[in-house]
Amino acid sequence: MSEPAATDDAASTASSPPPPPPPAQHKSWADEADDDAAATDESTTATKEPSTSSPSLNVDELTIDENKTPLKLLDDPEDSNIQAVTSGDTPYTSAATFEDLNLSAELLKGLYVEMKFQKPSKIQAISLPMILNPPHRDLIAQAHNGSGKTTCFVLGMLSRVDPSMQAPQALCICPTRELAIQNTEVLRKMGKYTGISSECAVPTDSRDSLPIQKRAPIMAQVVIGTPGTIKKWISYKKLAVTRLKILVFDEADQMLAEDGFKDDSLRIMKEIEKFNSSCQVLLFSATFNETVKNFVERTVKRDHNKLFVKKEELSLDAVKQYKVRCPDELSKIEVIKDYIFELGENVGQTIIFVRTRQSAKMLHKSLVDMGYEVTSIQGALDHEARDKIVKEFRDGLTQVLISTDVLARGFDQQQVNLVINYDLPIKHTAEYTREFEPDYEVYLHRVGRAGRFGRKGAVFNLICDERDERLMSKIENHFGTRVSEVREKSVEDYKAALKEAGLLQ
DNA sequence: AAAAAAC
């Protein structure tokens, strides 16, 4: 069951000569920015430039592969809603237990004692053999919110690191500060007994940290951070990429989206590839829309593996979705305080999502003025304030957190049972069209803040005009779900909703 | 007409 795991890593630590010293980097990385940006554009149009391995060809081959190869679905018929396409003839066996994965005793202890895990979740059972076993192919993996994606790549990073080599061997890039910190904490917890060192690459307060030029090079074996800081560390040669074995993009669809972090991500990837073409790349997210899916498949190596879920099956049944029709903006606040807060007091923590920083501030002030204890977070706050607000929420000192989409993705707080969409998420792309498009991916991610790991949860969408109605029904159609209405002033409706969601007796 | 992220 677990034969293949021993060869590659073990051999390289035991018998191969020590790795060569990092080659001298003559040019500052920042100097190349312009060339790189130009090359990047070309590769996206898939016309020329063999800087990576001819992208246009890859697409064709992948398409053929997908159609011809019967899905090598693993041994569990229940997994049929996850579509797995594996590359080549490598057989993978789904891991029924963590023991099946040939993990070190220290890592197993971390999983059982620190994380209190018993056995791999579905996505873990399928993806971990692909991540851990040679030939360590790249992987694009989609899985439901709260299904344990983080464990997949954190375990991947921890088990691929050679504990005896003090150099960065695993790098994980995340879209927000909060997610980078959270992932670092998970890694430290899971890896507690392994002795593997880690560093969180996010901006620090300039007052209590050395300027980058004076800092020592990073020796940590795993680095997790946000694009800007990682780019900076690489360009100042504080983060060496030559020993990296594994590169992870969390929320990969956002990290590679045109209006996301695509340029940064591609630049980092190219820099790593330049010194180190064998580095394994993992792309994880709950969402990959067709556009970005198409693009990311050209971003990774040709012989990658992939796991996808149908969009209809992404909306968790565990989280019940409702809509409340409010006559105007002001009545949204009434609905929140007079009904949702009133009834939702003992159902756990709540996140209220808003579209803009301004409305986060406004709503925060309104609710505080009315005597409610709420906090709010958005990207314009300084780092200290952001960290403090998240910590208070995690410690349970605050029950209600107002947030922009800074926390829409990945934020894992198991006590969150209620999500309120004060505004529905909108795509900003169609600049000159009059019709608004919902941001389906952000909607799904927001909903996913409740019902972590199969827990109960409810979402209330506050809608107040024709535009909202259309957005809401588009969302329903897209995911093939029905969002039932809770009448604005009906206590009974709210009660029934919370009962149906399993949050109220 | 947005949010995120480096100075």
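Numbers restart at 1 for each chain; the letters A, B, ... are given by sequence-line order, proteins then strands. Just so we're clear, the structure is a prediction, and the values are computed from it rather than from any experiment. We use all heavy atoms of the structure for the numbers below, so side chains are in, but hydrogens, waters and symmetry mates are not.
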Atom [atom1] of [X] to atom [atom2] of [N]: distance rounded to whole Å?
| X | N | atom1 | atom2 | result |
| --- | --- | --- | --- | --- |
| A:Asn421 | B:dA3 | CG | P | 15 Å |
| A:Leu407 | B:dA3 | CG | P | 14 Å |
| A:Glu251 | B:dA5 | CD | C1' | 15 Å |
| A:Asp205 | B:dC7 | CG | P | 10 Å |
| A:Ile173 | B:dA4 | CD1 | C1' | 15 Å |
| A:Asp264 | B:dA6 | CG | C1' | 9 Å |
| A:Glu441 | B:dA4 | CD | C1' | 16 Å |
| A:Arg446 | B:dA4 | CZ | P | 12 Å |

Using salt bridge (charged side-chain N to carboxylate O under 4.0 Å, His left out) as the criterion, list what pairs up with [X], not counting sequence neighbours.
| X | result |
| --- | --- |
| A:Asp395 | A:Lys391 |
| A:Asp439 | none |
| A:Asp205 | A:Arg207 |
| A:Asp253 | A:Arg409 |

List the atom pairs, with distances to 0.1 Å, where a side-chain N or O of residues 372-379 of chain A and a protein N or O form a donor-acceptor pair under 3.5 Å, not counting sequence neighbours.
from	atom 1	to	atom 2	distance (Å)
A:Ser376	OG	A:His364	ND1	2.7
A:Gln378	OE1	A:Ala380	N	2.8

From C-beta outward on [X], which listed nucleotide comes closest to its side chain: [options]?
| X | options | result |
| --- | --- | --- |
| A:Thr404 | B:dA3, B:dA6, B:dA5 | B:dA3 |
| A:Glu178 | B:dA5, B:dA3, B:dA6 | B:dA5 |
| A:Arg357 | B:dA5, B:dA6, B:dA3 | B:dA3 |
| A:Pro203 | B:dC7, B:dA1, B:dA4 | B:dC7 |

Subject >> Spatial distance of atom CZ (A:Arg267) from atom OG (A:Ser235) [nearest 0.5 Å] >> reply: 10.0 Å

Subject >> Short side-chain N/O contact from A:Thr226 to OP1 or OP2 of B:dA6, under 4.0 Å >> reply: yes

**OP:** Answer yes or no: does a side-chain N or O of A:Lys231 lie under 4.0 Å from OP1 or OP2 of B:dA6?
**Re:** no

**OP:** On DNA chain B, check which nucleotide each of A:Val202 and A:Arg355 is closest to and give me the residue with the more 5' one.
**Re:** A:Arg355

**OP:** Output the residues of residues 380-393 of chain A in contact with DNA chain B, where contact means a heavy atom of the residue under 4.0 Å from an atom of the strand; sort by number or write none.
**Re:** A:Arg386

Original post:
Under 6.0 Å from the six-membered ring centre of A:Phe436 and within 45° of its axis: does the NZ or CZ of A:Lys474 meet both?
Top reply: no

**OP:** Check every strand shown and say whether A:Gln378 touches a base, only sugar-phosphate, or nothing at a heavy-atom separation below 4.0 Å.
**Re:** sugar-phosphate

